[in-house]
Amino acid sequence: MKTEIERKTVNLKLLRELRKRHHYTQTQVAKIIGLTSTDKYTRRENGDYNFQASELMALSELYGVKMEKFFT
């Protein structure tokens, strides 16, 4: 019996809210997670590009929440 794998999406609204709640700018978060420009982070937060697993792990540590909370 085949089962369909449930696809989860990153809750971009939550990531934006957490960034603002912790008073970080997009530039600061970009540097913290290892991106070379603010624009790269902005594209991810807007949903134009996907976050990499390592970036989500870094955000999880930064905000002190389990990475699973980022998915819907």
Side-chain angles (χ1 to χ4, degrees):
M1 177 184 344
K2 287 187 177 182
T3 60
E4 190 174 321
I5 297 174
E6 185 179 345
R7 294 197 44 91
K8 303 263 184 185
T9 57
V10 175
N11 185 340
L12 300 174
K13 182 179 177 184
L14 174 63
L15 288 177
R16 188 175 298 110
E17 288 172 2
L18 285 168
R19 177 178 59 78
K20 290 179 179 184
R21 188 180 312 155
H22 286 84
H23 305 286
Y24 287 115
T25 64
Q26 288 182 332
T27 301
Q28 290 170 315
V29 175
K31 287 180 183 178
I32 290 168
I33 67 172
L35 297 175
T36 56
S37 72
T38 302
D39 187 52
K40 289 182 178 186
Y41 181 80
T42 301
R43 290 179 193 169
R44 284 164 171 77
E45 194 175 86
N46 289 335
D48 299 327
Y49 289 94
N50 293 326
F51 280 97
Q52 301 296 313
S54 60
E55 296 165 351
L56 291 172
M57 288 174 52
L59 291 171
S60 174
E61 291 178 21
L62 177 65
Y63 300 134
V65 298
K66 292 186 179 195
M67 195 165 71
E68 292 83 18
K69 281 199 85 127
F70 296 152
F71 296 95
T72 58

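For the numbers below, each heavy atom of this structure counts, side chains included, while hydrogens, waters and symmetry mates do not. Residues take their numbers from the sequence shown, with the count starting at 1.
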Undergrad: Rounded at 0.5 Å granularity, tell me how far NZ in K31 sits from OG1 in T36.
TA: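 Those atoms lie 11.0 Å apart.
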
Undergrad: Ignoring hydrogens, what is the shortest heavy-atom contact between A30 and S37? Give both atom names and the distance.
TA: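 In this case the closest contact between A30 and S37 is CB-O, 3.7 Å.
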
Undergrad: Measure the CD-OG distance between E68 and S60 for me, rounded to the nearest 0.5 Å.
TA: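 The CD atom of E68 sits 7.5 Å away from the OG atom of S60.
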
Undergrad: Roughly how far apart are Q28 CD and Q26 CD, rounded to 0.5 Å?
TA: 11.0 Å

Undergrad: So among K13, K40, K20, R16, which one has a salt bridge (charged side-chain N to carboxylate O under 4.0 Å, His left out) with E45?
TA: R16

Undergrad: Using the test side chain to side chain contact (heavy atoms under 4.5 Å, CB included), find all partners of N50 that sit at least two apart in sequence or belong to another chain.
TA: none

Undergrad: My understanding is that a hydrophobic cluster links ILVMFWY residues whose side chain heavy atoms are under 4.5 Å apart, including indirect links. Using that, what else belongs to the cluster containing L15?
TA: V10, L12, L14, L18, Y24, V29, I32, I33, L35, Y41, F51, L56, M57, L59, L62, Y63, V65, M67, F70, F71

Undergrad: Does anything in residues 51-62 form a salt bridge (Lys or Arg N to Asp or Glu O under 4.0 Å)? List the pairs, not counting sequence neighbours.
TA: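 Residue pairs passing salt bridge (Lys or Arg N to Asp or Glu O under 4.0 Å), neighbours aside: R44-E55.
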
Undergrad: Nearest 0.5 Å, what's the NE2-CD distance between H22 and E17?
TA: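 The NE2 atom of H22 sits 12.5 Å away from the CD atom of E17.
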
